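Here the structure comes first, spelled out in structure tokens, and everything after it is commentary.
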Amino acid sequence: MAATSSFSEEDLLCPQCSEIYCVPILLKCGHNICRVCLQKFWEWKGCRECPVCRTVSVPGRPPINLALKIAADKHQVIQASRNREICFLHNEKLKIFCQNDEEAICLVCQTSKQHKVHECCPVEEAAQQKKDYKQTKKRVKCNIREPECIRDILINSAKHLGLLKFGIWKKMINIVRYVPITLDSNTAQSNLKFSEELTCVQYSSKQLVPDNPERCISRVCVLGATGFRSGKHSWTVDVGQSKDWYIGVAQESIKRKSTVFLNPAEGFWVIGLSNGGSFWAQTSPRTKLMLKQKPERITVELDCDKGKVVFINAADVTTIHTFKDKFTERIFPYVSPGLYEEGKISRPLTICPLTITVDVK
């Protein structure tokens, strides 16, 4: 406890983002930086420099400053407890309960335009009313009438059984979805969360997963379940309004446990959006992409035989960027929802399904 109390509030601020530290990393030069801030700075800079003094860090993963992390976490818990009791707009105690909005407000909020005509009461009185409501609900009895017995009705067997199999098959179009690729959760970084069909991924809270050889821990990413050696393949990714994402392909032999940069020299052919504003092709060095409109669905076309990876805006079928290279091993789809602060959830990235049709000749 002595170690955590030795930090002032100023000591708990990251020099990069000026916010309370979120997993502070201790660099060789002695400076501390948020892990997310450091990773984004290295991505932007293209080398492992300290953002404060520009000292180049040694290879390997820098350690977490545990004492500083404990102090920062303790400070945030104290601030959160205070915020629960105080109105963040007027810095007054929350003594009034608004019945219309079902939330605690302060005396100043009650006289404001938002709550002026609302029905309000003291917080203690509202708490007691809620408790009576629950007790009353348990005492309520609902009488269920016996269902009517309808007799002498025959089933139209010809209508229901004649084309039964075809009818079921046709209705399955509205239920069954087919996607050209699925994601391999065994390759995913531990902060990634998936839909049941393994077609949608988003950044979430850290999960307990085994450190198997296929799993990527150096990047917040996941690979496709199927790799390709030859032929043409394509799939479309719905990136929506996500502010950070990277999509494309990666070769099977990429480094999955140590720090890597996204470029063809290290086995990646990807494009991405950084901080919600800048689009980049991850060449070496990176190439900034000048796009007329922000794409929400991007089609990735892979031609293994010709060594081409083409990215297309699915809305207007315009080419965003093309990689040309020579593939000597299996190539896998690559998807990353970007790097977010601990505890935050990103918007999902989704592999778009193909259209299924039923024709009768």
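The structure presented is a predicted model; accordingly, all values stated were derived computationally and were not measured. Excluded from the calculations below are hydrogen atoms, water molecules and symmetry mates; all remaining heavy atoms, backbone and side chain alike, are included.
For His31, there are no ring pair (Phe, Tyr, Trp, His ring centres under 6.0 Å) partners at least two apart in sequence or on another chain. Residues meeting the side chain to side chain contact (heavy atoms under 4.5 Å, CB included) test with Leu13, sequence neighbours left out: Ile20. Remark: Thr287 engages Ala281, Thr283 in a side chain to side chain contact (heavy atoms under 4.5 Å, CB included) (not counting sequence neighbours). For Glu10, the side chain to side chain contact (heavy atoms under 4.5 Å, CB included) partners at least two apart in sequence or on another chain are Ser8. Taking Leu68 as the reference, Phe7, Leu12, Tyr21, Pro24, Asn32, Asn65 meet the side chain to side chain contact (heavy atoms under 4.5 Å, CB included) condition, with sequence neighbours excluded.
A salt bridge (charged side-chain N to carboxylate O under 4.0 Å, His left out) check over residues 255-275, counting only residues at least two apart or in different chains, returns the pairs Asp211-Lys257. Applying the salt bridge (charged side-chain N to carboxylate O under 4.0 Å, His left out) rule to pairs touching residues 180-209 yields nothing, sequence neighbours excluded. The list of salt bridge (charged side-chain N to carboxylate O under 4.0 Å, His left out) pairs with a residue in residues 306-334, not counting sequence neighbours, reads Glu252-Arg330. Applying the salt bridge (charged side-chain N to carboxylate O under 4.0 Å, His left out) test to residues at least two apart or on different chains, the pairs with a partner in residues 216-239 are Glu43-Arg219, Asp238-Arg297. The list of ring-ring contact (aromatic ring centres under 6.0 Å, His included) pairs with a residue in residues 270-293, not counting sequence neighbours, is empty.
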Side-chain donor-acceptor pairs under 3.5 Å in residues 55-62, sequence neighbours left out?
none

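In this structure, Phe268 shares a hydrophobic cluster with Leu223, Tyr246, Ile254, Val260, Leu262, Val270, Phe332, Tyr334, the cluster being traced through Ile, Leu, Val, Met, Phe, Trp and Tyr side chains under 4.5 angstrom apart.
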